[in-house]
Protein chains: 2
Amino acid sequence: MARIDYKHHDKILLAVDCIIFGFDGSGLKALLVKRGLEPEMGKWSLMGGFANKEEGIDQAAARILVQLTGMDKIYMEQLHCFGDVDRDPGGRVVSIAYFALIKIEESNGETLDLHNAKWFDLKKLPTMIFDHKQMVRLAKERLQQKVANHPIGFELLPNKFTLQQLQGLYEAVYETSFDKRNFTRKILSLGILQRLDEKEKESSKKGAFYYVFDKKKYKQLESEGIKMI
Amino acid sequence: MARIDYKHHDKILLAVDCIIFGFDGSGLKALLVKRGLEPEMGKWSLMGGFANKEEGIDQAAARILVQLTGMDKIYMEQLHCFGDVDRDPGGRVVSIAYFALIKIEESNGETLDLHNAKWFDLKKLPTMIFDHKQMVRLAKERLQQKVANHPIGFELLPNKFTLQQLQGLYEAVYETSFDKRNFTRKILSLGILQRLDEKEKESSKKGAFYYVFDKKKYKQLESEGIKMI
DNA sequence: CCAAAAGTGTTATCGCTACACCCATGA
DNA sequence: TCATGGGTGTAGCGATAACACTTTTGG
């Protein structure tokens with residue numbers, strides 16, 4: 001490599017796109033927005049934006065997420081960087097995709113409306129711009145992998161939840177179904193759930209106990225590489 | 001989002017850095033180069049370069065890899081995008097890290113020398129520039145995950161190899177040791193190795209059979225999500 | 001009393017782990 | 001013949017998967 005400095009190299013537009021997952025009890029959802037700029041204005045798109053020179057890319061992603069949801073402290077991680085030359089017909093833009101997990105029932109409907117955002121079932125996604133469909137597919141795969149070994153499923157549920165809700169979430173993520181007895185035994189045996197005295201009485205007469213995720217107990221076990229499912 | 005176009009946004013330098021792994025029978029190695037430009041000229045660094053406007057980022061990574069090794073058709077995948085504002089004191093550079101697996105004995109020593117490149121045992125890495133140490137650490141973690149479920153370990157071995165070489169590789173990747181009988185049984189039961197009639201006679205009098213990875217058989221099994229180890 | 005969801009145990013199978021001896025050969 | 005690494009089988013254990021009935025209670 002020659003002794004050149006940085007000045008002679010190309011600078012490129014850097015975007016961030018967020019795959020925002022939610023769970024409403026029935027299926028896994030992704031939050032999409034109607035794109036507000038050309039090209040492809042008016043089509044469905046992931047929430048995104050450009051990264052500024054003065055901020056780190058993780059900060060850029062966090063900024064964009066706050067913009068759309070108004071929510072702070074959202075679980076988020078980088079997914080992949082998409083950099084094909086022609087991925088965006090509007091110019092040479094390299095996009096870094098992040099995926100985020102939010103508690104759908106805590107999201108603010110008005111803020112979402114402001115951005116023309118809408119939840120879509122992952123199995124019924126509309127046509128999306130650019131390579132966004134590929135991003136969602138990859139994000140779903142990553143979520144499946146991650147959820148098997150890390151307690152991030154709870155990010156998609158209310159703070160207190162029933163075992164059936166938790167099972168429903170895992171079933172939605174994996175698009176399969178589990179035996180109730182085996183699931184219950186396994187998840188409780190991890191020792192990271194705390195049962196409350198309170199019951200959820202909406203969906204049954206008997207009522208189902210609420211549980212909360214016990215982050216402290218989890219931290220103690222974390223080092224050993226806990227297996228969730 | 002307002003109806004703006006792309007022109008008003010920041011453009012940023014985009015770099016690619018490659019974590020190149022090799023295995024020489026004793027330990028897992030990474031290929032590092034002496035940096036040829038300021039800042040930090042002369043220090044150890046991952047092989048890297050800037051992405052051009054006219055090429056995709058995967059192509060940029062492939063180009064840089066060929067530059068250093070002279071080798072084509074190398075296994076490579078994107079690792080992570082590093083974009084902290086201050087990661088490079090020479091300017092605002094976002095770097096996309098790739099990791100690659102090469103057959104160390106097929107590498108061309110002269111080409112490596114041209115670039116001041118040297119293999120380092122992963123346990124004895126020198127001080128490296130910027131966030132390159134973090135990149136290597138992450139790459140190693142990813143390699144461990146990946147190797148458990150995908151047949152990419154073979155990329156680090158000669159085309160024909162003995163079972164002991166293969167076991168040595170897995171032991172190096174996981175920094176542990178396996179029981180020879182259990183390892184042999186498991187790896188052979190996958191049905192993706194083909195035994196040759198030829199024996200390796202260097203390291204023992206009896207001689208050990210050579211095996212080759214049977215890519216066709218693997219492809220047949222791939223859909224079901226084979227578990228390597 | 002009945003409908004509807006909650007909660008709970010046992011058994012068979014499979015995969016993993018631990019463990020030790022004989023084989024083939026060149027020197 | 002002997003030293004060296006190559007090659008092989010078995011038994012115990014723990015995890016997983018399959019499977020159905022009883023409990024609670026509001027209407």
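Worth knowing before you read on, the calculation uses all heavy atoms, side chains too, and leaves out hydrogens, waters and symmetry mates. Note on naming: letters A, B, ... go to the chains in the order of the sequence lines (proteins, then strands), and numbering restarts at 1 for each one.
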So B:Tyr75 and B:Leu156, do their side chains get closer than 4.5 Å, heavy atoms only? no

Hey, does B:Ser203 reach any base, or is it just sugar-phosphate, or nothing, if we go heavy atoms under 4.0 Å? sugar-phosphate

In whole angstrom, give the distance that lies between atom CD1 of B:Ile229 and atom P of C:dT17. 9 Å

Nearest-Å distance for atom pair CZ/P, residues B:Phe178 and C:dC16: 12 Å

Whole angstrom is fine here: how far is it from NZ in B:Lys205 over to P in C:dC22? 20 Å

Is the NZ or CZ atom of A:Lys215 both under 6.0 Å from the centre of the six-membered ring of A:Phe213 and within 45° of that ring's axis? no

Please list, by residue number, the residues of residues 165-176 of chain B whose heavy atoms come closer than 4.0 Å to an atom of DNA chain C; answer none if no residue qualifies. none

Would you call B:Gln67 and B:Met47 a side-chain contact if the rule is heavy atoms closer than 4.5 Å? yes

Spacing between B:Lys199 atom NZ and C:dC23 atom P, to the nearest angstrom: 14 Å

Lys NZ or Arg CZ of A:Lys124 over A:Phe120 ring: under 6.0 Å, within 45°: no

Looking only at the side chain of B:Arg185 (C-beta and beyond, no hydrogens), which of the listed nucleotides C:dA18, C:dT8, C:dG7 gets closest? C:dA18

The nucleotide from C:dC23, C:dT17, C:dT8 with an atom nearest the side chain of B:Lys206 is C:dC23

What's the closest nucleotide to the B:Asn182 side chain, out of C:dG9, C:dA3, C:dC19? C:dC19

Are A:Leu166 and A:Phe183 packed together at the side-chain level, in the sense that at least one heavy-atom pair is separated by less than 4.5 angstrom? yes

Flag the pair B:Arg137 / B:Gln134 as yes when at least one side-chain heavy-atom distance between them is below 4.5 Å, and no otherwise. yes

CZ of B:Phe183 versus C1' of C:dA18: gap in Å, rounded? 17 Å

From NZ of B:Lys180 over to C1' of C:dC21, roughly how many Å is that when rounded to an integer? 11 Å

Extract, from 5' to 3' on DNA chain D, the first and final nucleotides lying under 4.0 angstrom from some heavy atom of chain B. D:dG5 to D:dT10

Check whether any side-chain heavy atom of B:Met128 sits under 4.5 Å from a side-chain heavy atom of B:Met135, and report yes or no. no

Closest heavy-atom contact between B:His132 and B:Ser45? CE1-OG, 3.5 Å

Cationic N near anionic O, under 4.0 Å, A:Asp121 to A:Lys123: no

Is there side-chain contact between A:Ile192 and A:Met228, with at least one heavy-atom pair below 4.5 Å? yes

If we check ring-ring contact (aromatic ring centres under 6.0 Å, His included) with B:Phe161, which of these qualifies: B:Tyr211, B:Phe154, B:Phe23? B:Phe154

Using five pairs at either end of the helix from C:dC1-D:dG27 to C:dA27-D:dT1, determine the angle between the two local helix axes and round it to 10 degrees. 10°

Pick the nucleotide of DNA chain D nearest each of A:Asp179 and B:Gly207; which residue has the one closer to the 5' end? B:Gly207

Would you call B:Leu122 and B:Phe21 a side-chain contact if the rule is heavy atoms closer than 4.5 Å? yes

Calculate the interatomic distance between B:Lys186 atom NZ and C:dG15 atom C1'; express it in whole Å. 8 Å

Please give, in whole Å, the distance from C:dA6 C1' to A:Leu163 CG? 10 Å

Check the phosphate of C:dG26 against B:Lys201, side-chain N and O only, distance under 4.0 Å to OP1 or OP2. Yes or no? yes

